Asks: 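First the structure, which I've put down as structure tokens, then a few questions once you've had a look.
Protein chains get the first letters and strands the later ones, always in sequence-line order, with residue 1 at the start of each. Because the structure is a prediction, the values reported are computed rather than measured.
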Number of protein chains: 2
Amino acid sequence: MDARARELLGPPAAVAQRIGSSVSPGPSHLAACLDGGARQTYREFPMHLTETEFIGALVQSKRRVRRTEVLCEAGDPFSHVYVASSGSFKSFVLTEDGRQQVTGFYIGGELMALDGIESEHHRVTITALEDGEVCVISFAHLEEMSSKTPHFQHQFHKLMSREIVREQGLMILLGVMRAHERVATFLLNLAERFRARGYSGTQFNLCMTRGEIGSYLGLSLETVSRVLSHLNDQALISVKQRCIAIPDAHALRAVIGQRAL
Amino acid sequence: MDARARELLGPPAAVAQRIGSSVSPGPSHLAACLDGGARQTYREFPMHLTETEFIGALVQSKRRVRRTEVLCEAGDPFSHVYVASSGSFKSFVLTEDGRQQVTGFYIGGELMALDGIESEHHRVTITALEDGEVCVISFAHLEEMSSKTPHFQHQFHKLMSREIVREQGLMILLGVMRAHERVATFLLNLAERFRARGYSGTQFNLCMTRGEIGSYLGLSLETVSRVLSHLNDQALISVKQRCIAIPDAHALRAVIGQRAL
DNA sequence: CGCGCCTTTGAAGGAGCTCAATTTAGGTGG
DNA sequence: CCACCTAAATTGAGCTCCTTCAAAGGCGCG
């Protein structure tokens with residue numbers, strides 16, 4: 001349970017013997033790209049790049065986006081990746097019966113659209129959940145920089161690997177967890193990501209609808225709502241519309257692993 | 001439905017406008033590493049590396065493995081990646097209540113253990129489902145080669161991206177599909193991978209148990225068995241223990257998207 | 001201020017899980 | 001080569017969790 005907690009809450013460095021608990025629906029986290037200052041391109045890299053420096057060196061342009069605006073669409077030719085700068089984003093694919101499956105939520109500093117490299121076309125559509133800004137990074141440029149600097153390259157590989165790990169966590173969530181466990185996991189993960197961004201990890205606003213959460217967690221929107229209400233009744237969280245408070249993360253974490261609520 | 005079919009069956013090149021259908025539980029496919037011949041390290045790379053050449057240039061050693069043997073274990077320090085040469089493999093994580101969640105099945109030419117890069121420790125345990133052989137690739141060597149050759153680097157990025165896409169497909173499967181759709185998707189994907197490897201895509205042996213399939217698909221082993229029996233009754237497939245025949249892949253594909261069986 | 005979208009809550013039904021018993025296959029030793 | 005033994009697979013029955021359908025309440029935006 002503690003291993004799980006650490007996993008859930010510590011996106012990057014944590015090492016777990018048991019990773020069953022490593023449900024980390026959070027995307028690749030980049031502490032960078034948060035202010036507009038890092039637009040220059042370094043010619044000489046320090047030996048050990050932080051993620052911030054890594055991104056700062058890459059960013060060529062920023063783009064303002066409004067709520068519901070589309071960053072890239074499934075099927076589009078792939079040429080750029082994006083880093084959420086401010087605001088929040090979701091990625092999704094459409095099933096042929098028209099429903100959308102949300103594949104990720106992204107907040108500040110997180111890297112998006114890595115799935116497009118393989119087929120050279122985007123596999124997901126990414127839209128803004130609220131007004132914000134994204135860093136636009138040319139993938140060709142990224143690879144060029146990458147080949148020039150081993151540490152730079154390694155940083156990038158880590159970020160891609162992190163996306164793989166993130167999705168593995170989601171597979172566990174979708175494969176074995178109950179509804180209340182999924183929601184609790186989701187909230188704790190989100191809380192930690194807000195905390196890492198400098199916001200409160202104990203109180204925050206959900207930037208997505210119940211339906212989007214449900215799609216992401218493999219649940220109906222009604223179930224998400226019901227579970228939130230139930231957790232609220234148990235005083236494990238406090239819910240008022242989009243506003244969530246987690247008075248005791250440890251207590252909330254305890255519901256993960258419980259077969260029944 | 002056709003888009004879905006193409007996606008399901010064409011692991012690499014297929015480009016879909018709608019990717020909702022892109023459920024591709026198959027891992028990164030490498031046509032290489034299938035015979036023992038490609039052990040040399042090229043000094044000069046051709047401009048356009050095939051996957052075969054890509055892997056051939058990397059492989060430093062091969063290793064025989066027996067059924068149930070562990071390739072790498074969750075928590076182990078990460079230093080190598082593996083390519084299934086012959087035989088088949090599964091990757092899984094353990095939930096803290098001791099059950100295992102299978103995260104992937106791998107057959108010839110498919111790249112494994114990319115999840116370990118991020119934390120420098122393996123996140124999954126990989127074991128052999130039958131006696132076989134793996135190519136062992138030093139990741140440090142891979143990165144070194146990668147930085148020397150842009151096309152080499154790009155090939156590797158594509159493979160990592162493919163793993164991300166694969167897991168996205170699985171998320172869709174776990175998130176929105178019914179039991180019969182999951183099983184049909186799984187069988188069609190496996191069939192295509194066997195076909196691509198030169199084996200029959202219409203008749204093959206499952207190298208994993210019902211329980212392992214169930215874990216991978218987020219179903220109980222009984223449900224997997226029931227669905228297989230039911231598909232068999234409908235003459236959509238023929239099942240006899242581990243031996244599966246798919247007389248008409250197109251017909252089987254049609255069950256994907258049906259809300260009820 | 002009203003309209004639309006999101007959310008909440010209830011009730012009923014169903015898909016799949018769990019528990020349990022039986023059958024089958026595969027491996028081992030006599 | 002056969003009998004045994006264990007693990008895997010099949011099949012059934014009841015139950016549970018979650019979905020679906022439905023209706024009402026709330027918030028924000030034009």
Asks: Taking C-beta and beyond as the side chain, do B/Val93 and B/Val124 meet within less than 4.5 Å on heavy atoms?
Replies: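 Yes; the side chains approach each other to less than 4.5 Å.
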Asks: Report the distance from atom CD of B/Glu212 to atom P of D/dA7, rounded to the nearest whole Å.
Replies: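 It works out to 14 Å between those atoms.
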Asks: Should A/Ser88 and A/Glu130 be marked as a side chain to side chain donor-acceptor pair (under 3.5 Å) after you check the CA-CA gap, both sets of side-chain angles, and the distance that decides it?
Replies: CA-CA 6 Å; A/Ser88 52; A/Glu130 51 193 342; 2.7 Å; yes
Asks: Contact class for A/Gly218 (heavy atom, under 4.0 Å): base, sugar-phosphate, or nothing?
Replies: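 Sugar-phosphate: the residue A/Gly218, judged by heavy atoms under 4.0 Å, touches backbone atoms but no base.
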Asks: Which parts of nucleotides 20-28 of chain D does protein reach within less than 4.0 Å, heavy atoms only, written one letter per nucleotide 5' to 3' as B for base, S for sugar-phosphate only and - for none?
Replies: BB-----S-
Asks: Once you round it to whole Å, what is the distance between C1' of D/dC17 and CG of A/Leu217?
Replies: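 From A/Leu217 CG to D/dC17 C1': 16 Å.
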Asks: Looking at A/Arg63 and A/Glu69, is there a salt bridge between them, counting it only when a charged N and a carboxylate O are closer than 4.0 Å?
Replies: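 Looking at A/Arg63 together with A/Glu69, the answer is yes, because their closest N to O distance falls below 4.0 Å.
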Asks: Answer yes or no: is there a side-chain heavy-atom contact under 4.5 Å between A/Leu190 and A/Leu206?
Replies: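 Yes, close enough: below the 4.5 Å cut-off.
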Asks: Have a look at B/Leu221 and say if it touches a base, only the backbone sugar-phosphate, or nothing, with a 4.0 Å heavy-atom cut-off.
Replies: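 B/Leu221: base contact, heavy atoms under 4.0 Å.
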Asks: Need two values: the first and the last nucleotide of DNA chain C, 5' to 3', having an atom under 4.0 Å from any heavy-atom of chain B.
Replies: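 From 5' to 3', the first and last contacting nucleotides are C/dA15 to C/dA25.
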Asks: Given 3.5 Å as the limit, does a donor-acceptor pair link the side chain of B/Glu192 with the main chain of B/Asn189, or not?
Replies: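 No: the side chain of B/Glu192 does not pair with the backbone of B/Asn189.
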Asks: Between atom CG in B/Asn232 and atom P in D/dT10, what is the gap in whole Å?
Replies: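 Whole-Å distance recorded here is 9 Å.
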Asks: Checking ring pair (Phe, Tyr, Trp, His ring centres under 6.0 Å) between B/Phe105 and each of B/Phe92, B/Phe194, B/Tyr216, B/Phe89, which is the one that passes?
Replies: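 One option only clears the test, and that one is B/Tyr216.
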Asks: Which stems does DNA chain D form, counting runs of 3 or more consecutive Watson-Crick or G-U wobble pairs with both distances under 3.5 Å?
Replies: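 C:1-30 with D:1-30 - these are the stems of 3 or more pairs that involve DNA chain D.
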Asks: Just how far is it from atom CD1 of B/Ile164 to atom CZ of A/Arg123, taken to the nearest 0.5 Å?
Replies: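 One gets 11.5 Å once the value is rounded to the nearest 0.5 Å.
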Asks: Ignoring hydrogens and geometry, is there a side-chain-to-backbone donor-acceptor pair from B/Asn205 to B/Cys207 under 3.5 Å?
Replies: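 Pair absent, no side-chain N/O of B/Asn205 close to backbone of B/Cys207.
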Asks: Does A/Lys90 reach the side chain of A/Met208, with side-chain heavy atoms less than 4.5 Å apart?
Replies: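 Answer no - side chains too far apart.
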Asks: Between C1' on D/dT19 and CZ on A/Arg210, what's the gap in Å once rounded to a whole number?
Replies: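 The distance from CZ of A/Arg210 to C1' of D/dT19 comes to 18 Å, rounded to the nearest Å.
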Asks: For A/Leu219 and for B/Arg67, locate the closest nucleotide of DNA chain D by heavy-atom distance; then report the residue assigned to the nucleotide nearer the 5' terminus.
Replies: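 Residue closer to the 5' terminus by nearest nucleotide: B/Arg67.
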Asks: Please determine which of A/Arg67, A/Arg66, A/Arg64 meets the salt bridge (Lys or Arg N to Asp or Glu O under 4.0 Å) test together with A/Asp131.
Replies: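 Only one option passes, and that is A/Arg66.
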Asks: Using a 3.5 Å distance criterion without hydrogens, assess whether the side chain of A/Ser238 forms a donor-acceptor pair with backbone atoms of A/Ala245.
Replies: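 Not confirmed, A/Ser238 side chain does not pair with A/Ala245 backbone.
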